[in-house]
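The block underneath contains the structure these notes are about, expressed in structure tokens.
Residue numbers begin at 1 in each chain, while the letters A, B, ... track the order of the sequences.
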Amino acid sequence: MILDIPAIFAIPLIVCCFLCLYRVLRGPTAADRIVAVDILGILVVGFCALFVIYTPRAFFMDIAIAWALLGFLGALTLAKYLEGKGLDE
Amino acid sequence: MKKLVLFIVSFITWLILTWTVYLPSLLIGVGVSLIVSFWFADIFIRHPQNFFQIKRFLYLLLYIPIFIFYCIVANLDVAYRVLHPKLPIEPGIVKVKTELSTLTGRVALANSITLTPGTLTVELTDDGYLYVHWINVKAIDVEEATKMIVKKFEPILKEVFG
Amino acid sequence: MNEAVVIAGKVLIFIGVIFDLLGCIGLVRLPDVYNRLQAATKCVTLGTCFILFGTFLAGGFLTKSILAIIFVVFSSPTAAHAIAHAAHRSKIKLWEKSVVDKYEEEKEKV
């Protein structure tokens, strides 16, 4: 069964990560880089979900939940920084 | 009242997260939910009486399939625009009006707009206007744009959060 | 029965990976930050939700993945809204072929 091979899912996700990194490197403005970092965070959540299926380590799902929330906080912080405000506004 | 609502929500979250009926775990969950509800109830919960109306949950169940349908349509739309060699986009920021009065309802509407075809909320003002970035502008006028963007969700969100 | 559920989960994961890939292609190809934000947020959010739901089916009904879906669906549009707002406030221009910008015209009043 072709869907039993983890590489079928992992290789497109790795290509996604490299596309995001390209945008981080090339992005003409700071906002482009922030978008790419935010998207990279959500991709990591997908990776953790893949680990849960193809390895016997179920605790990766906890890492996925924590990563989703921390990535959200990181994106908010970067957005506030871009706007030039303090973090308590 | 507010504290009770936040206690129920956080305890359900704890139950989903641990997914066990082992007694010490349940006791820890009760303790943590009590602490959370005593500290944060005044910040997060605005209209606690709305939580106990069963009708709102039924409308929420009706809203979820509609939302998923528009979400998948949005993704196919983005896929078409991205894979087309000429990039058929015509972006712009338009202004739409919403009649939802509660803050939770407006935030839910803004998030729904962001995940549905071709639109992204940029700003949410206090007097009920939303500035929406539209990837393929079809109407510049406030009325027309409202009809095309907001009217898909507003009636049912008004039942859930209004 | 169980086999069929596992296969359905893996098919869902595959669809999710394809959506992720489309979103990242959009992130590279589209011309300005708002369009990139649109394509990337929509496609990557739905793609990751498909992956998590496929994990729910194929990994023996893990309820944690449903919780992760709820968190991703709530947090990612909010983050996109914050980034778009901040980008507009820090005077990043729209693409030069854009049709209209009501927010720029009326920002003084807001």
Would a 4.5 Å heavy-atom cut-off, applied to side chains only, mark A:Cys20 and C:Leu27 as touching?
yes

Just give me the residue among C:Asp20, C:Leu67, C:Thr78 that pairs up with chain A most often, heavy atom to heavy atom, under 4.5 Å.
C:Asp20

Side chain, backbone, both or neither: which part of C:Ile25 has an atom under 4.5 Å from a heavy atom of chain A?
both

Chain C: which of A:Leu73, A:Leu13, A:Val15 shares the most heavy-atom pairs with it under 4.5 Å?
A:Leu13

A:Phe60 portion near chain C, given a 4.5 angstrom heavy-atom threshold
neither

CZ (A:Phe18) with more than 12 external heavy atoms under 6.0 Å:
no

Chain C: which of A:Leu50, A:Val45, A:Ile39 shares the most heavy-atom pairs with it under 4.5 Å?
A:Ile39

Which atom pair, heavy atoms only, marks the closest approach of C:Thr55 to A:Ala49?
OG1-CB, 3.4 Å

Please test C:Val44 against A:Cys16 for side chain to side chain contact (heavy atoms under 4.5 Å, CB included), starting from the C-alpha separation and ending with a verdict.
CA-CA 10 Å; C:Val44 175; A:Cys16 287; over 6 Å; no

Scored by heavy-atom pairs under 4.5 Å with chain A, the best of C:Ile83, C:Ile51, C:Ile18 is C:Ile83

Per-residue contact mode, A:Asp32 against chain C (heavy atom under 4.5 angstrom):
both

Distance in Å, A:Leu82 CG paired with C:His88 NE2, rounded so as to fall on 0.5 Å steps
12.5 Å

Please indicate whether A:Tyr54 has more than 12 foreign heavy atoms, meaning atoms of other residues, nucleotides or ligands, lying under 6.0 Å from its OH.
yes

Closest approach of A:Arg23 to C:Val28 (non-hydrogen atoms, all atoms of both residues)
NH2-O, 2.7 Å

To the nearest 0.5 Å, what is the distance between CD1 (A:Ile14) and CG (C:Leu21)?
12.0 Å

Nearest heavy-atom contact between A:Phe9 and C:Val17 is O-CG1, 3.9 Å

Output for pair (C:Leu57 CG, A:Ile53 CD1), nearest 0.5 Å, gives 9.0 Å

For a quick test of reading the model, state the closest non-hydrogen atom pair linking A:Ala31 to C:Val33 and the distance between them.
CB-CG2, 3.7 Å

Below 4.5 Å, heavy atoms only, C-beta onward: do A:Val52 and C:Ser65 meet side chain to side chain?
no

Rounded to the nearest 0.5 Å, what's the gap from CZ on C:Phe71 to CZ on A:Phe72? Could you check?
11.0 Å

Just how far is it from atom CD1 of A:Ile8 to atom CD1 of C:Ile13, taken to the nearest 0.5 Å?
12.0 Å

Where do C:Ser75 and A:Ala68 come nearest, in terms of heavy atoms and distance?
OG-O, 4.3 Å

Option that, when pairs with chain C are counted at under 4.5 Å, heavy atom only, ranks first among A:Pro12, A:Ala75, A:Gly74
A:Pro12

Got a second to check how far C:Asp32's CG is from A:Thr29's OG1, nearest 0.5 Å?
9.0 Å

Between C:Ser76 and A:Ile42 the two heavy atoms that sit nearest each other are CB-CD1, 3.7 Å

